[in-house]
Amino acid sequence: MINKEVRDIADALSGIEDGQVVMVGGFGSVGQPDALIEGLIERGARDLTIVANNAGAGRIGLAKLMEAGRVRKIICSFPRSAGSVVFEELFRAGKLELEIVPQGTLAERIRAAGAGIPGFYTATTVGTLLARGKESRVFDGRTYVLEQALHADVALVEAWRTDRMGNCIYRESGRNFNAVMAMAARTTVVQSCGMVAAGVLDSEAIVTPGIFVDRIVVVPETANARIAEAGAA
Amino acid sequence: MIAYKSLSRKDLAARIARDIPEGWYVNLGIGIPTLVADAIPAGREVILHSENGILGFGPAPAPDAIDPWLINAGKQHVTLNPGGSFFHHADSFAIIRGGHLDLCVLGAFEVAANGDLANWATSAQDSAPAVGGAMDLAVGTPRVWVATEHTTRDGAPKLVERCAYPLTAPGVVNRVYTNLAVIDVRDGHFVVTEMVAGLTRDALQAQTGVELMFEVPEYA
């Protein structure tokens, strides 16, 4: 019988090694798999490249991972936000490499990786500093730049409900990068707010079909889940 | 000198909201544009889009009704209107980059008379500016309106001949709403179509970094 649920976070993260590319879902703190990030800190893998929209805030989660010296490079669209103190410190000290990618290009590069598309053209960044060094091409009189797919070794995502087959649904704005990143990595690890029996999730409404998911670990006690539990199934 | 009163941020947002017709799909940037959400006249259905995968979000919830899973792109708590929908980030930016929105309203450091927009980095030497979805919105949306104070806090003009700051996108701005005037961008010129009461053409020109054209009568 297929069962993608693993026993604990350590099992969920087994195989993550130094130097790997790790995608982390979420937008701000919503949909961010905090328990998996904590587990990654404990696992101790270094020299990681992190793909995420933000570069962490405060001294928890992604910021804590960076502060622990585990991140060599971050690929994101919005590194600076309220409380991104760890990023600022490391970046200024030259201890962190940064690749700034417009948010739509970031999402599409991830999607392309999941869809087997090596590159695509977009009008975003044309005529700006971010287009420097990029190949461009004219289609129907308009200039576009070439962007390449962004693959990962591992994607860490948070889902609202999952089943043993790996099917996922997300909650409200918690879907964000999670559903795209789940497609783009060799191994996709899901932090689930709750498991349901196979057949319970509405097949018409499954967002991430189980084929994209390798491992699921249930972490019901996130702050988000506790508060949201009251209002939703 | 004739006295004039510049618009507050809230009044500026309300002025913009007045021009958004029912049925438009609209993305609002951070800052003054965010305030437009609360200024849309009651009963007019305008569908607001948020980069993090929402169409049809509504106003901020009461403090005791906050849903931690529901935030907008500015990471503020919001609500969902009836008929609202959720989708992932790639679909959200397909909406933007595929030209499906009717309008985005963005803030700006500078806007040039040729429609160039600078709103993401204050210097080419800034190696870690936060671009977010600004470039995607500026390039992908058929109408780009800018909402901004007419000058910086130091009184330097934000409407200029050519942007000094790094561009977000070249030649994309259609209209600028400031605390002093409504200004269309047409064929490489700023064309003033509305001024706050009491403001003279000379006084507006004096706070602008490029020559303005006027389609409003001199204030009498």
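So you know, we letter chains A, B, ... as the sequences are listed, proteins then strands, and number each from 1.
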Report which part of A/Val101 has an atom under 4.5 Å of a heavy atom belonging to chain B: side chain, backbone, both, or neither.
backbone

Does B/Asp187, at its CG atom, have more than 12 non-hydrogen atoms belonging to other residues, nucleotides or ligands within less than 6.0 Å?
no

Can you name the closest pair of heavy atoms from B/Glu51 and A/Gln103 and give their distance?
CB-OE1, 3.6 Å

Heavy-atom distance under 4.5 Å to chain A: side chain of B/Ala73, backbone, both or neither?
both

Less than 4.5 Å to any heavy atom of chain B: does that hold for the side chain of A/Arg109, its backbone, both, or neither?
neither

Bottom line for B/Thr168: the part with an atom under 4.5 Å from chain A's heavy atoms is backbone

Is the closest side-chain heavy-atom distance between B/Lys75 and A/Val30 below 4.5 Å?
no

B/Ile71 backbone acceptor or donor facing A/Ser173 side chain under 3.5 Å
yes

Can you find a heavy atom in the side chain of B/Asp67 that is under 4.5 Å from one in the side chain of A/Arg171?
yes

Atom CD of A/Gln148: over 12 foreign heavy atoms under 6.0 Å:
no

Plane angle bin for B/His89 and A/Phe177 - parallel if under 30°, tilted between 30 and 60°, otherwise perpendicular
parallel

Checked B/Gly132, B/Ala118, B/Gly171, B/Pro170 vs chain A; the most non-hydrogen pairs under 4.5 Å come from B/Gly132

To check you understand the geometry: which heavy-atom pair defines the closest contact between A/Leu129 and B/Pro166, and what is its length?
CD1-CB, 3.6 Å

Counting only heavy atoms from other residues, nucleotides and ligands, does the tally under 6.0 Å from CD of B/Glu45 exceed 12?
no

Mind ranking A/Glu88, A/Met181, A/Arg142 by heavy-atom pairs under 4.5 Å with chain B and telling me who comes out on top?
A/Arg142

Between B/Ala130 and A/Pro79, the two heavy atoms sitting closest are CA-CD, 3.9 Å

Heavy-atom check, side chain of B/Phe93 versus side chain of A/Val180, under 4.5 Å:
no

Is the NZ atom of A/Lys134 crowded by more than 12 outside heavy atoms at less than 6.0 Å?
yes

4.5 Å side-chain heavy-atom contact, A/Tyr170 and B/Phe86
no

Report the option among A/Ala55, A/Ala107, A/Pro102 that has the most heavy-atom pairs separated by less than 4.5 Å from atoms of chain B.
A/Pro102

Candidate pair A/Leu130 and B/Met135, rule side-chain contact (heavy atoms from CB on, under 4.5 Å), full reasoning:
CA-CA 10 Å; A/Leu130 294 187; B/Met135 288 189 181; 3.8 Å; yes

Quick one: what part of A/Arg111 sits under 4.5 Å from any heavy atom of chain B, side chain, backbone, both or neither?
side chain

When the 4.5 angstrom heavy-atom criterion is applied to A/Phe27 and chain B, the contacting part is both

Looking at B/Ser85, B/Gly84, B/Ala90, which has the largest count of heavy-atom pairs under 4.5 Å with chain A?
B/Ala90

Side chains of A/Cys193 and B/Trp69: does their closest heavy-atom pair fall under 4.5 Å?
yes

In short, B/Arg97 meets A/Phe120 closest at the heavy-atom pair NH2-CE1, 3.6 Å

With a 4.5 Å heavy-atom cut-off, do B/Asp136 and A/Glu108 have their side chains touching?
no

Under 4.5 Å from any heavy atom of chain B - which part of A/Asn54
side chain

Taking atom CZ of B/Phe87 as the centre, report whether more than 12 heavy atoms of other residues, nucleotides or ligands fall under 6.0 Å from it.
yes

Engaged part of B/Asp116 at the chain A interface, taking heavy atoms whose separation is under 4.5 Å
neither

For A/Ile117, is the CD1 atom crowded, meaning more than 12 foreign heavy atoms sit under 6.0 Å from it?
yes

What residue, out of A/Thr124, A/Leu98, A/Thr105, A/Ile110, has the most heavy-atom pairs lying under 4.5 Å from chain B?
A/Thr124

Below 4.5 Å from any heavy atom of chain A, which atoms of B/Ala169 appear? Answer side chain, backbone, both or neither.
backbone

